[in-house]
Protein chains: 2
Amino acid sequence: MTAIAPPDDEQGHPGQTAGRTAGQPLLPLAGQTPPMRADAARNRTRLLEAAARLVAERGPEHLTMEAVAAAASVGKGTVFRRFGDRGGLLMALLDHSERLYQESFLTGPPPLGPGAPPVRRLEEFGLATLRHLAAHRALLLAAEPEACRRFEPPPRRLVLTHLAALLREAGAGDAELLAHTLASHLDVALLHHLTQRRGMPLERLEAGWLDLVARITRA
Amino acid sequence: MTAIAPPDDEQGHPGQTAGRTAGQPLLPLAGQTPPMRADAARNRTRLLEAAARLVAERGPEHLTMEAVAAAASVGKGTVFRRFGDRGGLLMALLDHSERLYQESFLTGPPPLGPGAPPVRRLEEFGLATLRHLAAHRALLLAAEPEACRRFEPPPRRLVLTHLAALLREAGAGDAELLAHTLASHLDVALLHHLTQRRGMPLERLEAGWLDLVARITRA
DNA sequence: GCGGTAAACGGACCGTGGTCCGCATACTTT
DNA sequence: AAAGTATGCGGACCACGGTCCGTTTACCGC
């Protein structure tokens, strides 16, 4: 990336470009950035459509940036300018469902959203997350960044702060650390490994989650 | 890799080449494979020396396979033939301390090795592992495979089976699942994130480990 | 020593992610 | 409407991991 390259955020048509403060789609921080140029917006949607098509055809793990560019009749540089990198493009593809998922526990109805007791919300949050991961497994897996950046993407951060908040509310010990413990149980790569390579049914992971929450919150 | 490429295992001089059954240096399985040719063994040590030098000079994250080949005055193909891939080379660099670490809890003296009660061994194991990770952070981080293979390398498998065995002995619930929970607390990437990016002292992670073991093993 | 053979070698080659920079063009201002 | 400017565009270019395959060479049996 050359300088202040803005790796995109969301919206399809009259869009804007993420202001690159600290994170991208943490949800409500769609703000005051200058509107995208018309050609840029057009290319953006063409790229997303092309990418979605290619993913559907060949699977996210075989998606190449050059193929997307070609399929959208656009230069390769344009893809990178818009989405930053491969992970950014994949994430953009997930943006819509990611939003729904985030809203469901941030502002949705209890017991998932605010209003229920914290332990109850923890239980529901894990179940909802496991289902979210399972539904988008391939894409999330393909978008997973390199090891040392695993905890940086805003969605992961949001999950961590959410868990930490609920744990604090429930009065557990080192909430930040325990949040990581819980979060690691809600990891796509782990889910993939356990269900695909080790043949565990999703139900076992769900039961494991409830058990884990119980063990961790009874201090 | 072309076919039954043997991604190397250990020993320096009259060596052998891993038989590729299921795992590499799970420790005692150095066996009955045909001995390495003299030139192969020589190149192996030259490569390891060159790699170690380059890592020391520029850090493991800047190590390129071509640079290693050149520094060892060897063809690039030879590097891949010997070590399989970049991760294999990095792992080979760690092989010695990995062995010491593994022996310490498999056959070493209690309370880390056999002989102490399981919960005690769990506590010690975590502390020893955290120190091991911290000592080799950069190298382990650079060797970390892609997300979807994160649980496949034999060292990780060994940790998981060890944890599961101790948990079973301690009578916890779903030992295999809980082993993953504990193992995720002993993850280089997590350690890196918490200590480097979030500024937590190692002591806090150690305390967190003891707390976690306590919470998980009191059924 | 002398072949025969399997193993090892080397480096050209390929695919892919990511960058660079000169050129084109959508919006703004007057 | 013309000029000015920042934004975006494109695709040549680079670095690196990994593969392929024709050539070389260590080892084994004689």
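Each chain gets a letter, A, B and so on, in the order the sequences are listed, and its residues count up from 1.
- Listed nucleotides D:dG17, C:dA8, C:dG17 differ in distance to B:Arg81; the shortest reach to its side chain belongs to C:dA8.
- If you take NZ of A:Lys76 and P of C:dG18, they are 9 Å apart, rounded to a whole angstrom.
- Listed nucleotides: D:dC27, C:dG17, C:dA8. Nearest to the side chain of B:Met36: C:dA8.
- In this entry the distance linking CG of B:Asp85 with C1' of D:dC16 reads 13 Å, nearest Å.
- When all heavy atoms of A:Arg46 and A:Ala72 are compared, the pair lying nearest together is NH2-O, 3.0 Å.
- Take the nearest nucleotide of DNA chain D for B:Met65 and for B:Asp39: the residue whose nucleotide is more 5' is B:Met65.
- Side-chain contact between B:Glu176 and A:Arg204 is present, with heavy atoms from C-beta onward closer than 4.5 Å.
- Distance from the side chain of B:Phe80 is smallest to D:dG17 among D:dG17, D:dG10, C:dA8.
- In this structure, A:Glu61 atom CD and C:dT16 atom C1' are separated by 15 Å, rounded to whole Å.
- The CG-P distance, from A:Leu63 to C:dG15, rounds to 17 Å in whole Å.
- For the OP1/OP2 pair of D:dC9 and a distance below 4.0 Å, the side-chain nitrogens and oxygens of A:Asn43 include at least one atom meeting the criterion.
- Within the structure, a side-chain polar atom (N or O) of A:Thr78 is placed less than 4.0 Å from OP1 or OP2 of D:dG10.
- Residues A:His62 and A:Gly77 each lie close to DNA chain C; by heavy-atom proximity, the contact nearer the 5' end of the strand is made by A:His62.
- Among the heavy atoms of the strands, none lies under 4.0 Å from A:Leu89.
- In this structure, CZ of B:Phe83 is placed 15 Å from P of D:dG17, rounded to the nearest angstrom.
- A distance of 11.0 Å separates OH of B:Tyr101 from CZ of B:Arg131, quoted to the nearest 0.5 Å.
- Side-chain nitrogen and oxygen atoms of A:Arg42 include none within less than 4.0 Å of the OP1 or OP2 phosphate oxygen of C:dA26.
- Between the side chain of B:Arg37 and the base of C:dA8, no donor-acceptor pair of N or O atoms lies under 3.5 Å.
- Here the closest heavy-atom approach between residue B:Leu163 and residue B:Ala179 is recorded as CD1-O, 3.6 Å.
- The side chain of A:Ala40 lies closest to D:dC9 when the candidates are D:dC9, C:dG11, C:dG10.
- Under 4.0 angstrom from either OP1 or OP2 of D:dC9 there lies at least one side-chain N or O belonging to A:Arg82.
- Between B:Met36 and B:Arg44 there is a side-chain heavy-atom pair separated by less than 4.5 Å.
- Put simply, CZ on A:Arg58 is 14 Å from C1' on C:dT16, counting in whole angstrom units.
- Computed from coordinates, the B:Arg46 CZ to C:dC9 P distance equals 10 Å when rounded to whole Å.
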